[in-house]
Amino acid sequence: MSEKKPIRKAVFPVAGLGTRFLPATKAIPKELLPIVDRPLIQYAVDEAREAGIEQMIFVTGRGKTAIVEHFDVAYELESTMSERGKSLDVLEATRATPGDIITVRQQVPLGLGHAIWCARAIVGDEPFAIMLPDELMVGTPGCMKQMVDAYNEVGGNLISVLEVPREEVSSYGVIDPGAVSGALTEVLGLVEKPPVDQAPSNKIISGRYILQPDVMRTLENQGKGAGGEIQLTDAMARMIGHQPFHAVTFNGRRFDCGSKAGFVEATLALALEREDMGEEVRRIAERLLKR
Ligand code: UTP
């Protein structure tokens, strides 16, 4: 059965303009902004690897090549560090296995759905993961591992969701929930940014998906949606009813690093948890809060 084919590929749409972070993102991709000392894209790739995913497909655009450089071997840096007796461990996770990072270009940022569609030839005819690197998911196991485990149970299509206070739902995509079984909720429909009183639930879509390859055909025939962009949510909504669709409630924390406040929150939260600097950062934060 095609729905239980293993998840071997993940698509990372990284071609967005990152306008909320200008001027920082004028020359540096948003996905390379660091939370403490690791760029956002590194957290996402590590999360995919933990879930057993082997092939990382980056949908890039103009000015985004530094993302690929990040996973290259930096000979000069490594030999200089070795000569100086410095450990190279810190670079370990940035060394990709040859051939496991593939890039495709999205020439014009026409929306998330369009970015995913740009990867269709590489995805081929197998189910695949989508990871939005600006949503930092922190959990044990990681979010994608939790989703792959759920996929191995139910197959089909899965999206990761989080429960938020009701008054916040109108900033997000929201699911219309059906039967609930543990962390799994059947998805009956998807609504993008509903008014609070019309929201079918408080379960919002977060940036992790496992989708069947049929979504590519759905995207192919789809016009522009909200904001004049080709929306992934619209394509997924059209698949509901034709294919199994579940939401996985993520057991962990999500930081919206595409927004400035979320980025600062993630930086502070992760810094406070670090053994090498947590106490120092706590003292600094307490001092600043007393002012
Ligand atoms: P966002 O909505 O966060 O857009 O995209 P953005 O351009 O990155 O940031 P702002 O809103 O201008 O500050 C969500 C994800 O979809 C990707 C982005 O790179 C991000 O990972 N994306 C979005 C594309 O790859 N292509 C697009 O056309 C749009």
Side-chain angles (χ1 to χ4, degrees), residues 9-35 38-48 56-68 70-71 101-123 128-137 143-144 159-162 168 170-174 190 192-193 204-209 211 215-216 219-220 222-236 254-266:
K9 302 178 180 181
V11 178
F12 299 75
V14 292
L17 297 176
T19 53
R20 283 172 289 171
F21 271 91
L22 284 170
T25 47
K26 187 179 172 199
I28 295 169
K30 174 172 73 173
E31 297 75 14
L32 286 183
L33 297 180
I35 301 295
R38 284 162 75 200
L40 282 168
I41 189 73
Q42 179 80 62
Y43 288 97
V45 165
D46 290 352
E47 184 190 324
M56 314 296 161
I57 305 165
F58 294 161
V59 182
T60 67
R62 283 161 54 78
K64 297 278 186 162
T65 29
I67 297 175
V68 185
H70 177 76
F71 292 97
I101 289 197
I102 295 172
T103 60
V104 294
R105 296 281 277 208
Q106 183 191 30
Q107 286 88 345
V108 184
L110 295 177
L112 175 59
H114 181 261
I116 301 304
W117 180 75
C118 290
R120 66 199 178 285
I122 319 286
V123 166
F128 64 104
I130 299 173
M131 326 250 317
L132 306 196
D134 55 2
E135 295 198 31
L136 176 58
M137 311 297 270
C143 185
M144 189 44 73
I159 48 182
S160 140
V161 293
L162 290 160
E168 288 175 21
S170 36
S171 314
Y172 302 98
V174 177
L190 298 170
E192 194 63 49
K193 303 189 174 63
I204 61 155
I205 308 175
S206 57
R208 303 292 181 270
Y209 312 75
L211 298 179
V215 72
M216 297 299 190
L219 283 166
E220 177 123 20
Q222 189 174 293
K224 291 177 180 169
E229 296 195 331
I230 297 175
Q231 298 286 352
L232 181 63
T233 306
D234 294 346
M236 293 190 303
R254 169 223 190 224
F255 299 98
D256 177 10
C257 296
S259 82
K260 283 177 275 214
F263 188 89
V264 172
E265 182 191 4

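Note that these values count all heavy atoms, side chains included, but never hydrogens, waters or copies made by symmetry. Both ligands and their constituent atoms are indexed starting at 1 by order of listing.
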Logged contact type for Glu229 with ligand 1, heavy-atom cut-off 4.0 Å, is neither

To the nearest 0.5 Å, how far apart are CG in Leu32 and CG in Leu40?
8.5 Å

Start with the C-alpha gap between Phe58 and Ile41, add the side-chain angles, then the distance that decides, and say whether side chain to side chain contact (heavy atoms under 4.5 Å, CB included) holds.
CA-CA 10 Å; Phe58 294 161; Ile41 189 73; 4.0 Å; yes

For ligand 1, the portion of His114 having any non-hydrogen atom under 4.0 Å away
neither

Lys64, Glu135, Gln106, Lys260: member with heavy atom nearest to atom 26 (N) of ligand 1:
Gln106

Using a heavy-atom cut-off of under 4.0 Å, does the side chain or the backbone of Thr19 touch ligand 1, or both, or neither?
both

My understanding is that only one of Lys224, Gln106, Gln222 makes a side chain to side chain contact (heavy atoms under 4.5 Å, CB included) with His114; could you say which?
Gln106

Donor-acceptor contact present, side-chain Ser206 to main-chain Ser160, <3.5 Å
yes

Check whether any side-chain heavy atom of Gln231 lies under 4.5 Å from a side-chain heavy atom of Met236, and answer yes or no.
no

Provide, to 0.1 Å, the distance between atom 7 (O) of ligand 1 and the closest protein heavy atom, together with that atom's residue and name.
Leu17 N, 2.8 Å

Out of curiosity, Met137 CE to Met144 CE, how far, rounded to the nearest 0.5 Å?
9.0 Å

Heteroatom proximity flag, Val108 to ligand 1, N/O under 3.5 Å:
no

Backbone or side-chain N or O of Val59 under 3.5 Å from ligand 1 N or O:
no

Heavy-atom pairs closer than 4.0 Å: do any link ligand 1 to the side chain of Asp134, the backbone, both, or neither?
side chain

Can you tell whether the side chains of Glu31 and Lys64 come within less than 4.0 Å, N to carboxylate O?
yes

Using heavy atoms and a threshold below 4.0 Å, how should the contact between Pro109 and ligand 1 be classified: side chain, backbone, both, or neither?
both

Out of Lys30, Arg20, Glu31, who gets a non-hydrogen atom closest to atom 13 (O) of ligand 1?
Arg20

Contact bool for atom 5 (O) of ligand 1 (protein heavy atom, d < 4.0 Å)
no

Tell me the protein heavy atom at minimum distance from atom 21 (O) of ligand 1, and give that distance in Å.
Pro13 O, 2.8 Å

Can you name the atoms of ligand 1, numbered from 1 with element, that are less than 4.0 Å from a heavy atom of Gly111?
26 (N), 27 (C), 28 (O), 29 (C)

Indicate yes or no: does an N/O atom of Leu112 lie under 3.5 Å from an N/O atom of ligand 1?
no

Going by the atom numbers of ligand 1, which of them fall below 4.0 Å from some non-hydrogen atom of Leu110?
28 (O)

re atom 25 (O) of ligand 1, the protein heavy-atom contact at minimum distance is Ala15 N, 2.9 Å

Check: of Gly258, Pro133, Gly16, Cys118, min heavy-atom distance to atom 19 (O) of ligand 1 comes from Gly16

Donor-acceptor under 3.5 Å (Lys30 side chain, Gly258 main chain):
no

Under 4.0 Å from any heavy atom of Ala115, which atoms of ligand 1 are there?
24 (C), 25 (O), 26 (N)

So does Leu136 get a backbone contact from the side chain of Arg254, meaning a donor-acceptor N/O pair under 3.5 Å?
no

Could you check whether any side-chain heavy atom of Val215 comes within less than 4.5 Å of a side-chain heavy atom of Trp117, counting everything from C-beta outward?
no

With side chain to side chain contact (heavy atoms under 4.5 Å, CB included) as the criterion, how do Ile116 and Leu211 come out once you've worked through the C-alpha distance, each side chain's angles and the decisive distance to 0.1 Å?
CA-CA 11 Å; Ile116 301 304; Leu211 298 179; 5.8 Å; no

